Structures are given as structure tokens and as C-alpha cells.
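One structure is given below, encoded as C-alpha cells.
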Amino acid sequence: MSEEKSLNFLEEIIEEDLRTGKYKSIHTRFPPEPNGYLHIGHAKSICLNFGLADKYGGKTNLRFDDTNPVTEETEYVDSIKEDVRWLGFEWDGEYFASDYFPQLFSFACDLIRNGHAYVDDSNSEEIAASKGTPTTTGKNSPFRERSIEENLRLFSEMKEGIFPDGAKVLRAKIDMASPNMHLRDPIMYRIRHVPHHRTGDKWCIYPMYDFAHGESDSIENITHSICTLEFEVHRPLYQWYIDKLGIFPSRQYEFARLNLNYTVMSKRKLLQLVNEGLVDGWNDPRMPTLSGLRRRGYTPESIRNFCERIGIQRRENIIDVGLLEFCVREDLNRIAERRMAVLDPIKLVITNYPVGQTEIVLAENNPEKEDHGGVRELPFCRELWIEAEDFMEVPAKKWFRLAPGQMVRLKNAYIVQCEGCVKDGDGKVIEVHCTYLPETRSGSDHSGINVKGTIHWVSVPHAIGSELRLYDRLFKMEDPASEDGDFKEHLNPDSLQVIRHAWLEPSLSQARAGEFYQFIRKGYFTPDHMLSQEGRPVFNRTVTLKDNWAKTQKK
RNA sequence: UGCCCGAUAGUAUAAUGGCAGUACGACAGAUUUUGGUUCUGUUUGUCUUGGUUCGAAUCCAGGUCGGGCAACCA
């Protein structure tokens, strides 16, 4: 018996539209403005738009909303396409709002001819002043009653470029007393003598979002135009243009954007972090951008699962970043090969193991897989690097690791018994000494000895040195954007910790960007595609493993 | 003192007039050659006041709280 999965409100609307025959199939679109890199919030929108089309056998366009040449660049177009593909989606049509400039100009002329638009010579201060406020009505512009012929002539002259920036605008003639500010004669076109990333110098007038977006949707026969909640009050205007133009009736629906705690999610703020050098760029592994998450070692699968789990609604929400981390651990646990790496090394000397001898032990690559992902060979010898935190001279209660007299299993090798330690002049432990039990070799242990703890290690003469980069949350505060003042004051100064010289098992020298590893007991790591060199990978830590021991200690 | 939207465990999300369920988290236990994974159990919720109804998280009214709207940005 299969469980019925409940529908979100958009799926309900679509099923109703399909059931009543309003549409035979649906068509959605993902409409980024190419003025920044995509972030995890966009992933929610991408998964929604493409997911809906997949589910109901429809189509999804990728459309760049490039109506403001001041902020938009081709670099962003390329990164957006890369990120959408990486997430696992392929679009049907690839369009640019700028492709529609001639058509939009023609639509605008239609509105003028029908008395629905006029050219206004007021400057921006005058327009703002006459617009009124949310609690007081606005006043009509003195240019509101120009003749259709004059409006047509002036609008053409605006297009010809004979007026300077800001000299005139085209406005829709709606209602300066409307309680909805967006209906108080909104601006449709403004003059900008600025080259556009695609149309160059061809145009010097550019349509505003409200006039361009719905009309672009209509041109593409978009049935369900999905955007975020802040555009809700724009919907009456969206419909007004379409109604007055009599074109394909696309409809706008809004959902709540994603907010994640301990980070910021606005392109403006992310751009500030990049421009002020507070991060290493849009793809800094601490950034919530898709390129940052990718570099950090997040998988597309984990992000899609995350978007599925958080759901779609119309109420404001702040998702705990812990859920994102759960999703990536879930996926990485399944696919990442296990390796051993020592982040904070201390030397372990096995005093009863022959000097100069090396033997090979076998280690399974992934215990989650049917065949354990195969096995690999590891060199084992008398001197090993182990984690400094795995030894305590005076053990805590319930301590399962090394302490004088205590036994632990060296993962994939022998059980050893701790005999003591060597300290330097300052009393700092520099070596741990132990003896091994030859009959306890992994795979052929008939000793019957059971130990509570198993620790990871790498052979001193065979280990490779490598740089590891550990990341923590970018901000100290749950909602850095909520407070008054500068959000950048809440940056976490310890969000990046560089370990210049960790010791890794030798096979890792061949690790390449795009591969996922679990360093046993330490976390998931992936080679950094910018910092790694041939044979010398630098690793980013994607996320730690859950650590119940550390949690217990905190209490 | 305008208009629009919203409110279910700590965080999200279901229940579409009929037993308030699920995930993450937290807590406890089992298993484990990763204090990982897996498994089991426990915990915590319908903003408020009325109304309609045999029956309300759901419908209606008032209130409270939260978000959005006054860019020639999107």
C-alpha cells in the first residue's frame, strides 16, 4: 500500500488547473537577474520550478531578467547556467528579457494608443513626492493628460536617444489614489545611456521589472509564474498589464523565500562580502552560494533533498542550517570512500614492533556499500601518527581511547596497550608509547579481546603532508541581517581554520577535485579545485561527523 | 494609523469539518573494528477571545504578534 504524499499549495493549484482543463500542460520558468551568483535560496526556486514541470510533464525555461544594464554582466550569466546544470536540471528554452526589447517597446506603444500610458517629464524627486505614501494618496502628474500623439512622439524620441538620462519616463496611467503603491502610475521605461551586456548600445531606454517580467512570461506562454512573497503586492499590476494588452494570461504565484540561520541570503550582502574581501570570492566555501557549496563538497543530490524536505509554503521561515548539514552527511555517508588522516598529530611508538619493518594491512573503502567498496592497502610500522586528542594521561570518565594501561584498536590493524608517554621540557606530551598484541591483527584476530575504542592512524614514514581547511559558520549570530547596524560586524572570525600540515594516508596524494572522502572519525573532505596541485591536494572540510563524545563532554 | 499576506512541538512541514502525524533536533537505550552509520523508545505543538457545528488546527468575527509595500532595482 503506497502512502499518499500530500501536495503543496502550488501542486494543488496545478492539479486543479489541469483537471478543469484550464491548461493542457504547464510551463514554468526560472528567471534570475544576472547580477550575482546563485545561492541556496535560488536552489529552492530552481527545484520548485523544474520539479513542478517534471512532475506534471511540463516545461521550464531559463530566462535571464536582464533589464538593468547597470548591474548585469555576462560572467553572471555563465555562472548561473553552470550552477543550474550542476544542480541537475536542464531547461527547455533559454531566453533573455533583453531579447524581447522590440516586442516590449511595441507593447508599450499599444498601451499609449489605448490611453493607458503617458510620458512624464517630472524628475525622480518630483515623481517620488507626488506618489504619496502608504497612508496618503498621490497626486496626478501635470503631464498625465498629454495627447496620444504627443506621447507616441515623445516615447519614440526617448528611444532615439535625444533626451538625457532621467529627463523623461514612460508611466502607466492607472490610479494615483490606489491603496496599492504599485498601481500609482508605475514607471514602465526609464532612459539609461548605458551599454547592455547583450544589446550593447542599441537601446537607451530600458523597461522596468514590472513591465518586463509579466510580458516576458506571457510571450513564453508561461502558465505558472512563481516568485517570492515580496512580489505579492505586484500581482495586481502584473495582471493589469496583461489584461490591458490582451496577451496570454500568465498568472503569478508567490511562495516564501528560504532563510538559513547563521548566514545571509541577499545578493547585495553577498556582493559586499566579496567586494570588501571578507571572503575569497563568490565561491568561497563559507558562502551559501551554489558555487561555494560545491567547492565546499556539497553534492547536488544533498541540496535537492534539502529543498524537498523544507517544503513550499507562504509563511516566513528560518531553516536551521543543521538540516542542510544532515542532508549532506546523509548523502556523503552513502558515497564517500573512507580514508585516514591525522589533523593534530602526535607520535605513537609501538615499542615491541621491529624497527624498520613494514607490513601491509587491508582497509575497506566504504562499509555502507554491498562489497564495502573494495579494499585498499595501508602500510603499518613501528611509528605512527595519531590524533593528539586520542591520548589522555589522566583519562576522563568513560574514556575509550589511549591512556596509560588502556587498550585500543588501531583501525584495520592491531590492538595496542598504552605503556606511557614522553614529555618535553614544558611538560607537553610529544610521544605515546605502547605495545601491540600480534595475535589481534584485523581479519585474523582470535584473541577474544574486546576493546571499546578504535582510533585512526597513519604510518610516519609513509604519510603525506597536506593542507586542510576547516570551515565553521560564517556568522556568529543566527540572523545577522535582522539587527540594526552593519551585518558584517557579526562575522565569525574563526570561520576558517587552516591546518597547514596534516598527515594523510599515502593513497590520498592522488585525490582529485570532485571526489568525496570521509576522513574516519573527523569528517567529510573534498580536494579544493583551486588550491590543489598535481600530487599535492588541499582539502576542504565539507562537514564534521556527528560527535556524541564531544557533545557529552560539553555537558 | 492605509493596503496586502501570514501564524500547528526548538526548527520546518502534514492533517482540506471527524484519533494532531512526519522529518530534523534533544533525551534514553541497542548494535558497531569510525564515540560515524543503523535500529528502538521518550519528549515537546494548533497565537488569543468569541461564534457556527453533534464535532473546529480547519469555517466566521474581533484582537494580538510577525512579514511585505512609498527604487527611474529585481
Side-chain angles (χ1 to χ4, degrees), chain A residues 5-8 12 31-33 35 65-68 70-72 120 122-124 127-129 131-138 165-171 178-182 184 186-192 205-206 208-210 212-213 227-236 254 256 261 267-268 309-327 329-330 333-334 338 340 363-364 367-368 398-401 408-413 415 440 442-443 445 450-456 518-523 544-553:
Chain A
K5 191 168 187 305
S6 56
L7 303 177
N8 65 46
E12 285 180 2
E33 183 189 11
N35 68 345
D65 223 338
D66 56 349
T67 57
N68 182 5
V70 178
T71 57
E72 295 154 5
D120 193 336
S122 309
N123 62 36
S124 94
I127 289 178
K131 196 144 208 168
T133 70
T135 53
T136 59
T137 61
D165 287 3
K168 287 179 167 46
V169 291
L170 183 71
R171 289 229 258 172
S178 171
N180 184 335
M181 298 296 289
H182 296 277
R184 320 242 268 222
I187 293 170
M188 294 169 61
Y189 270 91
R190 75 285 212 188
I191 301 171
R192 280 276 178 287
I205 58 171
Y206 293 95
M208 299 287 289
Y209 166 85
D210 286 300
H213 198 98
C227 62
T228 47
L229 245 26
E230 69 268 27
F231 291 100
E232 199 164 8
V233 286
H234 295 240
R235 194 186 337 130
E254 310 87 19
N261 56 10
K267 277 195 271 186
R268 207 193 91 251
R309 277 170 204 264
I310 60 177
I312 299 297
Q313 252 307 332
R314 282 175 63 81
R315 51 183 109 108
E316 296 290 335
N317 59 80
I318 301 177
I319 308 283
D320 192 328
V321 69
L323 183 62
L324 218 209
E325 294 176 343
F326 167 83
C327 289
R329 284 193 189 105
E330 179 185 48
N333 176 54
R334 208 164 44 82
R338 273 54 172 175
M340 292 204 280
E364 48 189 39
E368 297 298 311
K398 288 200 165 180
W399 177 255
F400 299 159
R401 310 177 194 175
V408 298
R409 161 79 60 185
L410 294 172
K411 178 80 180 169
N412 303 311
I415 290 176
T440 60
S442 285
D445 183 347
N450 265 320
V451 291
K452 284 261 180 127
T454 299
I455 65 172
H456 60 280
Q518 182 197 105
F519 290 176
I520 286 180
R521 303 208 303 141
K522 298 313 291 183
T544 60
L545 255 28
K546 254 174 50 181
D547 189 346
N548 282 320
W549 169 247
K551 211 189 306 178
T552 311
Q553 290 305 285

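Since the structure is predicted, the reported quantities are computational estimates derived from the model, not experimental observations. Proteins get letters first, then strands, A, B, ... in listed order; numbering begins at 1 in each. Worth knowing before you read on, the calculation uses all heavy atoms, side chains too, and leaves out hydrogens, waters and symmetry mates.
Heavy atoms of A/Lys398 sit under 4.0 angstrom from at least one base atom. Among the protein residues, A/Asn180 comes within range of no part of the nucleic acid, since none of its heavy atoms lies under 4.0 Å from any strand. In this structure, A/Gly443 reaches the bases: a heavy-atom distance under 4.0 Å links it to at least one base atom across the strands shown. No contact: A/Thr228 has no heavy atom under 4.0 Å from any strand. Residue contacts for A/Arg329: at a heavy-atom cut-off of 4.0 Å it reaches no nucleic acid atom on any strand shown. The residue A/Arg401 sits close to a base: some heavy atom pair falls under 4.0 Å. Residue A/Phe400 is in base contact, counting any heavy-atom pair closer than 4.0 Å across all strands shown. A/His234 comes within contact range of at least one nucleobase, with a heavy-atom separation under 4.0 Å. Counting any heavy atom pair closer than 4.0 Å across all strands shown, A/Pro367 reaches a base atom. Residue contacts for A/Asn412: at a heavy-atom cut-off of 4.0 Å it reaches a base atom on one of the strands shown. Contact annotation for A/Asp445: no contact, since no heavy-atom pair falls under 4.0 Å across all strands.
Set against B/rC72, B/rC27, B/rG36, the side chain of A/Glu368 has B/rG36 as its closest nucleotide. Taking the side chain of A/Ile520 as heavy atoms from C-beta on, and the options B/rA70, B/rU34, B/rG25, the nearest nucleotide is B/rU34. The side chain of A/Ala128 lies closest to B/rA71, out of B/rA71, B/rA74, B/rG35. Taking every side-chain heavy atom of A/Lys546 into account, B/rG25 is the closest of B/rG35, B/rA74, B/rG25. Nearest nucleotide to the A/Arg409 side chain, out of B/rG35, B/rA71, B/rU33: B/rU33. Nearest nucleotide to the A/Thr67 side chain, out of B/rC4, B/rC72, B/rA74: B/rA74. In the set B/rC72, B/rU37, B/rC73, the nucleotide with an atom closest to the side chain of A/Asn333 is B/rU37.
A/Tyr189 places its OH atom 14 Å from the P atom of B/rC73, with the value rounded to the nearest Å. For the pair A/Phe231 CZ and B/rG6 P, the interatomic distance rounds to 18 Å; values are reported in whole Å. Straight-line distance from the CD atom of A/Gln518 to the C1' atom of B/rG35: 13 Å, rounded to whole Å. Atom CZ in A/Arg521 sits about 10 Å away from atom P in B/rU34, given to the nearest Å. As rounded to whole Å, 14 Å separates atom P of B/rA71 from atom CZ of A/Arg190. Rounded to whole Å, atom P of B/rU34 lies 16 Å from atom NZ of A/Lys522. Per the geometry, CE belonging to A/Met181 stands 16 Å off C1' belonging to B/rC73, to the nearest Å. The interatomic distance linking A/Glu364 (CD) with B/rU37 (P) rounds to 17 Å, in whole Å.
Across all strands shown, B/rU33 remains unpaired; no Watson-Crick or G-U wobble contact has both distances below 3.5 Å. Searching all strands for a Watson-Crick or G-U wobble partner of B/rC3 with both distances below 3.5 Å returns B/rG68. Summarising the base pairing, B/rA15 is matched to no nucleotide, lacking a Watson-Crick or G-U wobble pair whose two defining distances lie under 3.5 Å. The partner of B/rG41, taking Watson-Crick or G-U wobble pairs whose two distances both stay under 3.5 Å, is B/rC27. For B/rA57, there is no paired nucleotide, since no Watson-Crick or G-U wobble pair has both relevant distances below 3.5 Å.
Looking at residues two or more places apart in sequence or on another chain, you find a side-chain contact (heavy atoms from CB on, under 4.5 Å) between A/Asn261 and A/Ile318, A/Asp320, A/Val321, A/Glu478. The side-chain contact (heavy atoms from CB on, under 4.5 Å) search around A/Arg334 returns A/Glu301, A/Asp331, not counting sequence neighbours.
OP1 or OP2 of B/rC73 sits under 4.0 Å from a side-chain N or O of A/Arg192. Within the 4.0 Å cut-off from OP1 or OP2 of B/rG36, at least one side-chain nitrogen or oxygen of A/Asn548 is found.
The ring of A/Tyr209 does not lie on top of the base of B/rA74; it is either too far (5.5 Å or more) or too tilted (30° or more).
For the C1' atom pair drawn from B/rA26 and B/rC60, the interatomic distance equals 39 Å after rounding to whole Å. B/rG63 and B/rC27: their P atoms are spaced 43 Å apart (whole Å). Spacing of C1' atoms, B/rG68 relative to B/rU34, comes out at 48 Å, to the nearest Å. Atom P of B/rU52 sits at a distance of 15 Å from the matching atom of B/rU58, rounded to the whole Å. Nucleotides B/rU44 and B/rG10 have their C1' atoms positioned 8 Å apart, rounded to a whole Å. Taking atom C1' in both B/rU32 and B/rG17, one finds a spacing of 49 Å when rounded to whole Å. For the C1' atom pair drawn from B/rA14 and B/rA9, the interatomic distance equals 14 Å after rounding to whole Å. When the C1' atom is compared between B/rG29 and B/rU43, the two are found 15 Å apart, to the nearest whole Å.
Mapped onto RNA chain B by nearest heavy atom, A/Pro179 and A/Lys452 fall at different nucleotides, with A/Pro179 at the one closer to the 5' end. Projected onto RNA chain B by closest heavy-atom contact, A/Leu410 and A/His182 fall at different nucleotides, the more 5' of which corresponds to A/Leu410.
In terms of modelled atom types and a separation under 3.5 Å, the side chain of A/Arg521 and the main chain of A/Met340 share no donor-acceptor contact. A side-chain donor-acceptor contact under 3.5 Å links A/Thr440 to the backbone of A/Ile415. Listed for the A/Asn548 side chain is no donor-acceptor partner under 3.5 Å among the backbone atoms of A/Lys546. Side-chain atoms of A/Arg184 come within 3.5 Å of backbone atoms of A/Ser178 as a donor-acceptor pair (strictly under, hydrogens ignored). Under the 3.5 Å distance criterion, the side-chain polar atoms of A/Asn412 are left unmatched by any main-chain donor or acceptor of A/Ser442.
Ion pairing between A/Arg314 and A/Glu254 holds under the 4.0 Å rule for side-chain N and carboxylate O.
Side chain A/Thr135 to base B/rU1: no donor-acceptor pair is found below 3.5 Å.
Note on ring orientation: taking the six-membered ring where Trp is involved, the planes of A/Tyr209 and A/His234 are perpendicular (angle over 60°, cut-offs 30° and 60°).
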For every nucleotide of nucleotides 7-15 of chain B, 5' to 3': is a protein heavy atom under 4.0 Å from its base (B), only from its sugar-phosphate (S), or from neither (-)?
-> SB--SSSSS
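Looking at A/Lys267 and A/Glu33, their side chains come closer than 4.5 Å, going by heavy atoms from C-beta outward. With a 4.5 Å cut-off on side-chain heavy atoms, A/Gln313 and A/Leu229 do not count as touching.
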Would you sort out whether A/His213 and A/Phe231 count as a side chain to side chain contact (heavy atoms under 4.5 Å, CB included), showing the intermediate values?
-> CA-CA 11 Å; A/His213 198 98; A/Phe231 291 100; over 6 Å; no
